[in-house]
Amino acid sequence: MSDLTLAVLAADRLESLAAFYAGHLALRPRFSKGSRWARRVLSGPGHEAWLLGWLPGQGTELHDHGGRGRPAAAAVAVVSGRLTEYTVRPGSFPTLARAELAPGGVATVDDRTVHAMRNDSDEAAVSLHVYSPGLDAMRTYLFDETGLAPSKIKRAGEDW
Ligand SMILES: [Fe+2]
């Protein structure tokens with residue numbers, strides 16, 4: 001008997017699941033004035049889905065999806081509003097790439113990516129995120145002219 005919880009889903013599967021859940025789950029997003037609102041809404045074989053609500057100006061720090069266990073790959077589907085993703089392009093002099101995500105758009109994030117997501121618009125936004133394996137922690141990073149440096153480990157259920 002195989003242990004499906006150890007399976008890690010491929011990027012195209014994550015993308016399909018994020019789009020499917022965004023369109024088919026009964027989503028009841030909320031918003032928090034303090035920071036983005038996040039809740040795990042589904043746990044499936046080798047993956048889990050989170051629903052996030054973002055007020056204008058809210059966002060994450062630069063982060064990866066590791067911290068305790070194996071880093072997670074992810075797919076992000078925008079349900080409503082617009083989000084901006086900032087992705088670190090590694091190299092001798094790392095840079096940040098910026099991408100806009102509109103409703104219906106799905107972005108994939110591999111297990112080595114360091115990125116941040118922000119609602120840079122004037123309207124609230126809702127997004128559905130699928131992680132494989134499930135997300136138990138995120139490692140945050142500082143980024144300046146000297147490069148990229150790990151900062152903190154933030155744990156699901158404790159820090160967000
Ligand atoms: Fe992320």
Side-chain angles (χ1 to χ4, degrees), residues 8-22 25 27 29-32 34-44 46-90 94-121 124-144 147-160:
V8 176
L9 305 183
D12 59 343
R13 181 75 176 133
L14 289 175
E15 192 170 348
S16 297
L17 282 172
F20 180 81
Y21 291 151
L25 289 181
L27 303 175
R30 295 188 185 163
F31 301 94
S32 167
S35 66
R36 72 192 184 284
W37 176 87
R39 180 161 297 168
R40 185 187 289 113
V41 293
L42 182 148
S43 289
H47 71 282
E48 62 185 27
W50 288 70
L51 183 64
L52 277 80
W54 315 73
L55 291 173
Q58 292 182 337
T60 69
E61 300 166 85
L62 282 170
H63 65 276
D64 65 17
H65 301 140
R68 284 197 289 200
R70 179 174 179 165
V76 179
V78 176
V79 177
S80 62
R82 306 181 78 83
L83 291 173
T84 305
E85 180 183 29
Y86 298 89
T87 304
V88 175
R89 297 272 184 244
T95 56
L96 278 184
R98 184 177 187 276
E100 300 277 346
L101 295 174
V106 182
T108 57
V109 183
D110 72 29
D111 60 0
R112 293 188 208 172
T113 293
V114 175
H115 74 153
M117 300 204 71
R118 285 188 51 82
N119 179 356
D120 287 335
S121 78
V126 174
S127 55
L128 189 292
H129 302 224
V130 177
Y131 299 94
S132 179
L135 188 65
D136 60 5
M138 301 192 308
R139 188 171 21 223
T140 63
Y141 291 82
L142 300 175
F143 182 70
D144 61 20
L148 189 67
S151 173
K152 297 176 188 164
I153 293 178
K154 297 195 167 185
R155 302 180 192 287
E158 298 172 25
D159 299 309
W160 87 89

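Counting starts at 1 for both ligands and their atoms, in listed order. These values consider heavy atoms only, across backbone and side chains, with no hydrogens, waters or symmetry-generated copies.
- The CD atom of Q58 sits 9.0 Å away from atom CZ of R36, with the distance rounded to the nearest 0.5 Å.
- A distance-only check finds a donor-acceptor pair linking the side chain of H63 to the backbone of H115 [under 3.5 Å].
- Screening the protein for N, O or S atoms under 2.8 Å from the Fe ion (ligand 1) yields 3; no waters enter the count.
- Between W160 and W50, the ring planes are tilted. Angles from 30° to 60° get that label.
- Residues passing the ring pair (Phe, Tyr, Trp, His ring centres under 6.0 Å) test with F31, sequence neighbours excluded: none.
- With Y21 as the partner, the side-chain contact (heavy atoms from CB on, under 4.5 Å) test is satisfied by one option alone out of L128, L51, V41, L27: L128.
- Using a 4.0 Å cut-off between charged nitrogen and carboxylate oxygen, K152 and E61 do not count as a salt-bridge pair.
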